[in-house]
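Just below is one structure, and these are the notes that go with it.
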Amino acid sequence: RCHHRSPAMLDVPFLPFCAFLGALGLLCVAMVGTWCQHWRGGFSLDGSSRTFNWHPVLMVTGLVVLYGAAALVYRIPHTWSGPKLPWKVLHGSLALGAFVLTVLGLAAVFCFHNSQGTPNMYSLHSWMGLGTVLLFSCQWAAGFGAFLLPWAPTWLRALYKPIHVFFGSTILMLSVASCVSGINEKLFFSLKNGTMAYKLLPAEAVFANTLGLLILIFGVLVVAALARPSWKRPDSDSPDSRQVQDALSG
């Protein structure tokens with residue numbers, strides 16, 4: 001009896017779960033903005049450290065929160081019937097928006113480094129972050145070619161779909177790892193020489209560490225939602241190519 005009850009006890013409706021996840025994502029964005037505004041001096045485009053502050057905000061917003069939202073589009077029950085093209089466009093548009101914000105975030109950190117004479121691409125965080133962005137760009141281009149272009153053959157879509165799903169979750173977790181390592185790296189660089197040492201856990205360190213934990217929780221919950229069988233969109237009997245062609249002709 002306990003064995004049969006446990007799944008029901010752990011069962012969570014999708015829409016309340018999504019509402020909680022959305023609130024958590026907005027909290028992460030608000031917290032990274034508050035951290036950069038309150039403790040790191042705010043934002044500007046003058047090449048100073050305030051230019052750098054755009055980097056964590058844009059990366060968390062685009063590479064984690066907006067990308068997570070794009071990944072969950074096909075888990076919405078309303079997507080389980082009718083043509084898939086509108087949801088494909090929404091999924092691709094959210095991912096493209098995440099990519100644009102990510103590129104702007106990279107531009108901010110490179111602009112800051114170049115203006116300050118700081119070397120680029122010397123830390124593990126920078127290697128992991130740039131690798132994630134490059135993988136993200138390949139994922140988006142391959143997904144656009146396989147699922148949105150009307151002349152892509154059905155067999156190619158069926159072959160590439162599990163690969164696309166796998167790398168979608170992989171990119172999200174790499175994004176989370178990059179953001180968390182970046183937060184830790186920024187604290188190590190900032191909390192020294194005239195400020196309270198990081199090891200003494202000043203208020204900024206507690207706030208930023210909490211932000212890192214919330215980003216990690218957000219990513220884990222998104223991956224858990226993607227892996228849950230009952231929330232996966234049932235396979236349609238009609239080929240995707242026919243749906244796209246009908247939508248374009250209509």
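Under a hydrophobic clustering in which Ile, Leu, Val, Met, Phe, Trp and Tyr are joined whenever their side-chain heavy atoms come within less than 4.5 Å, directly or via other members, Leu149 and Trp155 fall into different clusters. Each of Met196 and Phe189 belongs to its own hydrophobic cluster when Ile, Leu, Val, Met, Phe, Trp and Tyr are linked at side-chain heavy-atom distances under 4.5 angstrom. Residues Leu226 and Val12 fall within the same hydrophobic cluster, defined by Ile, Leu, Val, Met, Phe, Trp and Tyr side chains chained together at heavy-atom separations under 4.5 Å. Follow the hydrophobic side-chain contacts under 4.5 Å out from Leu15 and you reach Phe17 in the same cluster. In the hydrophobic cluster analysis, where Ile, Leu, Val, Met, Phe, Trp and Tyr join through side-chain heavy atoms closer than 4.5 angstrom, Leu96 is grouped together with Phe144.
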One pair to check against side-chain contact (heavy atoms from CB on, under 4.5 Å): Thr132 and Thr102. What are the steps and the verdict? CA-CA 10 Å; Thr132 303; Thr102 300; over 6 Å; no
Candidate pair Leu85 and Leu148, rule side-chain contact (heavy atoms from CB on, under 4.5 Å), full reasoning: CA-CA 8 Å; Leu85 181 62; Leu148 276 175; 4.0 Å; yes
Checking Phe99 against Trp140 for the ring-ring contact (aromatic ring centres under 6.0 Å, His included) test, could you report, in this order, the C-alpha distance in whole Å, the side-chain angles of both residues, the deciding distance, and whether it holds? CA-CA 9 Å; Phe99 181 72; Trp140 193 91; 7.7 Å; no
Quick one, Ser49 with Arg40, criterion side-chain contact (heavy atoms from CB on, under 4.5 Å). Give me CA distance, side-chain angles, the key distance, then yes/no. CA-CA 8 Å; Ser49 60; Arg40 297 290 102 217; over 6 Å; no
Assess whether side-chain contact (heavy atoms from CB on, under 4.5 Å) is satisfied between Phe20 and Leu221, documenting all intermediate values. CA-CA 10 Å; Phe20 171 77; Leu221 289 179; 3.7 Å; yes
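Summarising the geometry, atom NE2 belonging to His164 is positioned 13.5 Å from atom CG belonging to Leu159; distances are rounded to the nearest 0.5 Å. The line from OG of Ser115 to CG of Asp46 is 8.0 Å long, rounded to the nearest 0.5 Å. Rounding to the nearest 0.5 Å gives a distance of 7.5 Å between SG of Cys179 and CE of Met59.
By the 4.5 Å side-chain criterion applied to Ile, Leu, Val, Met, Phe, Trp and Tyr, Met128 is assigned to a cluster that also includes Leu124.
Residues forming a salt bridge (Lys or Arg N to Asp or Glu O under 4.0 Å) with Arg75 (at least two apart in sequence, or on another chain): none.
Annotation: ring pair (Phe, Tyr, Trp, His ring centres under 6.0 Å) contacts involving residues 102-132, sequence neighbours excluded, comprise Phe52-Phe112.
Looking at every heavy atom in both residues, Gln139 comes nearest to Tyr160 through OE1-OH, 3.5 Å. Between Phe14 and Pro77, the closest heavy-atom pair is CD2-CD, 3.7 Å. Contact detail for Leu72 and Ala225: the closest heavy-atom pair is CD2-CB, 3.7 Å. Between Ala70 and His91, the shortest heavy-atom contact is O-ND1, 2.6 Å. Ser44 and Trp54 get closest at one heavy-atom pair: O-NE1, 3.1 Å. Here the closest heavy-atom approach between residue Cys111 and residue Gly47 is recorded as SG-CA, 4.3 Å.
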Name the atoms and distances for all side-chain donor-acceptor pairs under 3.5 Å in residues 210-219, with sequence neighbours left out.
{"from": "Thr210", "atom 1": "OG1", "to": "Val206", "atom 2": "O", "distance (Å)": "2.7"}

Identify every side-chain donor-acceptor pair in residues 165-177 under 3.5 Å, counting partners at least two apart or on other chains, and give the distances.
{"from": "Thr170", "atom 1": "OG1", "to": "Phe166", "atom 2": "O", "distance (Å)": "2.9"}
{"from": "Ser175", "atom 1": "OG", "to": "Leu63", "atom 2": "O", "distance (Å)": "3.3"}
{"from": "Ser175", "atom 1": "OG", "to": "Ile171", "atom 2": "O", "distance (Å)": "2.7"}

Please tabulate, for the side chains in residues 24-36, all donor-acceptor contacts under 3.5 angstrom to protein atoms that are two or more places apart in sequence or on a different chain.
{"from": "Thr34", "atom 1": "OG1", "to": "Ala30", "atom 2": "O", "distance (Å)": "2.7"}
{"from": "Trp35", "atom 1": "NE1", "to": "Glu204", "atom 2": "OE2", "distance (Å)": "2.9"}

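Considering only heavy atoms from C-beta on, Phe43 comes within 4.5 Å of Val57 through its side chain. Side-chain contact between Arg228 and Lys232 is absent, with no heavy atoms from C-beta onward closer than 4.5 Å. Contact of the Phe147 side chain with the Arg157 side chain is registered, since non-hydrogen atoms from C-beta on lie closer than 4.5 Å. Contact check for Lys88 versus Tyr74: side-chain heavy atoms found under the 4.5 Å cut-off. Contact annotation: the side chain of Lys186 never approaches that of Pro56 to less than 4.5 Å [non-hydrogen atoms, C-beta and beyond]. Side-chain contact between Leu58 and Leu106 is absent, with no heavy atoms from C-beta onward closer than 4.5 Å.
No donor-acceptor pair closer than 3.5 Å links the side chain of Asn53 to the backbone N or O of Gln37. A donor-acceptor contact shorter than 3.5 Å links the side chain of Ser137 to the backbone of Leu134.
There is no side-chain donor-acceptor pair under 3.5 Å between Asn209 and Asn184. With 3.5 Å as the limit, one finds no donor-acceptor pair spanning the side chains of Thr51 and Ser48.
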